[in-house]
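Structure first, then comments.
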Amino acid sequence: MMPITAETQLRLAGIPNLTVSTCTPLSRYTRFGIGGPADLFAETASPEAFAAAVWEARAARVAVMVIGGGTNLIVADSGFRGLVLRYNADRLSAEGALVTVESGAVLQDLVDFANRRGLKGLDTLSGIPGWAGAAIYGNAGAYGHSLHERVERVRFFDGEQVRFFDNAQCEFRYRESVFKRHKDWIILSAELALTPDDPVSLEKISADILKVRNEKFPPTMKCAGSIFKNFLLRDLPEEVALQVPAAVVREGKVPAAWFLEQVGSKGERRGDIRVADYHANLIYNDGLGTARDLRALIADLKQRVRERFGIEVEEEVQYVG
Ligand SMILES: Cc1cc2nc3c(=O)[nH]c(=O)nc-3n(C[C@H](O)[C@H](O)[C@H](O)COP(=O)(O)OP(=O)(O)OC[C@H]3O[C@@H](n4cnc5c(N)ncnc54)[C@H](O)[C@@H]3O)c2cc1C
């Protein structure tokens, strides 16, 4: 990869409908409030401008990173040497029970949109922060449901052209999709097949969930929700599975928090980075935390679980830089 030249900067600035800035602090764009500057930061709601920006960056051999709402990112203190791109088109539309969402729509707006129209399928995703594109990328979910259950078709840019994948082609699994393995494939929009239902009861389900979630994750908390993925009970080695109390297993999953609690993570601190004292898998920035401390604490917790149980807790958060 090459450093950004004034020429590349000028070429990007010349792309219609693309907003470009330089030396942009990424801490402003992450819920952790952590992260140094991106050499270049660009946003657009136009797929053509987005593609043009990717092509310019590629021609100049400049690294590209796409982000959404920044709620699941740990950005290095030194920032990102290259171009950070956001695709912020956020249109929502419905034809019968088929809802189309553009990637830059806030996930909660999508949930509210569907609920109001009496369309069931997204109500339990209420309160998951971030944008719709990243929610598909990471197959976001909660309360026993994930977005993949409703995905009919995804429209994405593969670096060359715009393509469509049906649900099977997206290879969804727990917090996984084919897009996680092809970081240069950028989701532009998705079609979701929902089911007609009563709007009042859907809105109530979502409001109740939001209330519980806001107590667990106060909206001002600088965090990424759960740092580590939960485990599927069936994937654990038998001798480990036998140690897990039946009461902690939910919908076939063992919370990573259970393992973290056994190695004493609750309340742990490293600089201004803390593990919540009520949730062993919730790490937050309690002030002026750094990515360096955050990464060190994560590495330490992983090692302690590895030594005690012989298993790897795997990050749900994504690293930048
Ligand atoms: C308080 C809190 C609670 C949370 N609870 C949950 C929960 O219950 N369930 C859950 O699943 N998650 C949860 N999360 C994690 C987070 O909300 C989700 O991962 C969310 O989908 C991230 O969205 P984002 O727009 O902020 O993505 P970002 O953090 O900006 O990006 C995440 C990843 O998505 C990629 N990406 C972004 N946009 C695109 C795109 N258009 N195409 C391709 N790749 C893209 C990025 O490259 C990056 O790797 C929680 C987070 C917080 C802060």
Side-chain angles (χ1 to χ4, degrees), residues 26 28-35 43-45 47 50 54 63-75 80 84-90 101-111 122 124-148 154-159 162 165 170 172-190 209-210 212-230 253 255-257 276 279 281-285 315-321:
L26 292 174
R28 273 194 220 149
Y29 295 91
T30 64
R31 170 129 172 194
F32 263 121
I34 286 177
E43 284 189 280
T44 183
F50 187 90
V54 169
V64 175
M65 170 81 202
V66 173
I67 66 167
T71 65
N72 211 23
L73 299 178
I74 298 180
V75 178
F80 184 72
V84 171
L85 265 178
R86 295 215 300 185
Y87 180 68
N88 58 15
D90 61 356
V101 57
E102 290 186 308
S103 287
V106 170
L107 187 63
Q108 186 67 44
D109 291 346
L110 169 65
V111 171
L122 306 173
T124 61
L125 307 187
S126 176
I128 300 180
W131 295 3
I136 288 170
Y137 164 93
N139 190 17
Y143 292 87
H145 295 282
S146 303
L147 197 50
H148 82 270
V154 173
R155 184 171 140 256
F156 65 101
F157 173 64
D158 71 359
V162 174
F165 266 1
C170 292
F172 289 117
R173 284 182 288 118
Y174 169 65
R175 299 292 177 270
E176 287 290 338
S177 73
V178 71
F179 303 101
K180 269 201 174 175
R181 297 194 298 283
H182 293 272
K183 304 262 185 208
D184 52 337
W185 290 2
I186 305 310
I187 298 159
L188 300 173
S189 64
I209 289 176
L210 193 59
V212 173
R213 294 185 62 106
N214 282 346
E215 278 160 22
K216 189 163 149 196
F217 306 112
T220 52
M221 183 180 249
K222 297 177 184 175
C223 67
S226 298
I227 285 283
F228 298 107
K229 290 182 192 170
N230 294 327
K253 292 197 201 81
H279 188 342
N281 191 11
L282 172 58
I283 302 185
Y284 64 100
N285 175 5
E315 289 92 326
E316 192 176 314
V317 284
Q318 308 285 306
Y319 294 102
V320 181

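Both ligands and their constituent atoms are indexed starting at 1 by order of listing.
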Item to check | Parallel, tilted or perpendicular: ring planes of H279 versus F217, cut at 30 and 60 degrees | outcome: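 H279 vs F217 ring planes: tilted.
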
Checklist entry - Who passes side-chain contact (heavy atoms from CB on, under 4.5 Å) against V162, sequence neighbours left out? => result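 Testing V162 for side-chain contact (heavy atoms from CB on, under 4.5 Å), a comparison that skips the adjacent residues, returns R155, F157, L188.
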
Item to check | Non-neighbouring partners of V317 that pass side-chain contact (heavy atoms from CB on, under 4.5 Å), sequence neighbours left out | outcome: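 Once residues adjacent in sequence are excluded, the partners of V317 under the side-chain contact (heavy atoms from CB on, under 4.5 Å) criterion are N72, I74, A224, I227, E315.
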
Dump the pairs for me: ligand 1 N or O, protein N or O, distance under 3.5 Å, to 0.1 Å.
{"unit_1": "ligand 1", "atom_1": "5 (N)", "unit_2": "R213", "atom_2": "NH2", "d": "2.7"}
{"unit_1": "ligand 1", "atom_1": "8 (O)", "unit_2": "R213", "atom_2": "NH1", "d": "3.0"}
{"unit_1": "ligand 1", "atom_1": "8 (O)", "unit_2": "R213", "atom_2": "NH2", "d": "3.2"}
{"unit_1": "ligand 1", "atom_1": "9 (N)", "unit_2": "G141", "atom_2": "O", "d": "2.7"}
{"unit_1": "ligand 1", "atom_1": "11 (O)", "unit_2": "G141", "atom_2": "N", "d": "3.1"}
{"unit_1": "ligand 1", "atom_1": "11 (O)", "unit_2": "R175", "atom_2": "NE", "d": "3.2"}
{"unit_1": "ligand 1", "atom_1": "17 (O)", "unit_2": "T71", "atom_2": "OG1", "d": "3.2"}
{"unit_1": "ligand 1", "atom_1": "17 (O)", "unit_2": "P129", "atom_2": "O", "d": "2.8"}
{"unit_1": "ligand 1", "atom_1": "19 (O)", "unit_2": "N72", "atom_2": "ND2", "d": "3.0"}
{"unit_1": "ligand 1", "atom_1": "25 (O)", "unit_2": "G69", "atom_2": "N", "d": "2.7"}
{"unit_1": "ligand 1", "atom_1": "25 (O)", "unit_2": "W131", "atom_2": "N", "d": "2.9"}
{"unit_1": "ligand 1", "atom_1": "26 (O)", "unit_2": "G69", "atom_2": "N", "d": "3.4"}
{"unit_1": "ligand 1", "atom_1": "26 (O)", "unit_2": "G70", "atom_2": "N", "d": "3.0"}
{"unit_1": "ligand 1", "atom_1": "26 (O)", "unit_2": "T71", "atom_2": "N", "d": "2.7"}
{"unit_1": "ligand 1", "atom_1": "26 (O)", "unit_2": "T71", "atom_2": "OG1", "d": "2.7"}
{"unit_1": "ligand 1", "atom_1": "29 (O)", "unit_2": "T71", "atom_2": "N", "d": "3.2"}
{"unit_1": "ligand 1", "atom_1": "29 (O)", "unit_2": "N72", "atom_2": "N", "d": "2.8"}
{"unit_1": "ligand 1", "atom_1": "30 (O)", "unit_2": "G68", "atom_2": "N", "d": "2.7"}
{"unit_1": "ligand 1", "atom_1": "30 (O)", "unit_2": "G69", "atom_2": "N", "d": "3.4"}
{"unit_1": "ligand 1", "atom_1": "30 (O)", "unit_2": "G70", "atom_2": "N", "d": "2.8"}
{"unit_1": "ligand 1", "atom_1": "41 (N)", "unit_2": "I187", "atom_2": "O", "d": "3.0"}
{"unit_1": "ligand 1", "atom_1": "42 (N)", "unit_2": "I187", "atom_2": "N", "d": "2.9"}
{"unit_1": "ligand 1", "atom_1": "47 (O)", "unit_2": "V66", "atom_2": "O", "d": "2.6"}
{"unit_1": "ligand 1", "atom_1": "49 (O)", "unit_2": "Y137", "atom_2": "OH", "d": "3.2"}

Checklist entry - Closest approach of T124 and A142, non-hydrogen atoms and distance? => result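 In this case the closest contact between T124 and A142 is OG1-O, 3.7 Å.
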
Next on the checklist: Counting C-beta onward and ignoring hydrogens, is there a side-chain heavy-atom pair between D90 and D109 closer than 4.5 Å?
Outcome noted: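 Counting from C-beta outward, D90 and D109 never come under 4.5 Å.
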
Item to check | Residues that R86 engages under salt bridge (Lys or Arg N to Asp or Glu O under 4.0 Å), provided they are two or more places apart | outcome: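 Residues passing salt bridge (Lys or Arg N to Asp or Glu O under 4.0 Å) with R86: E43.
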
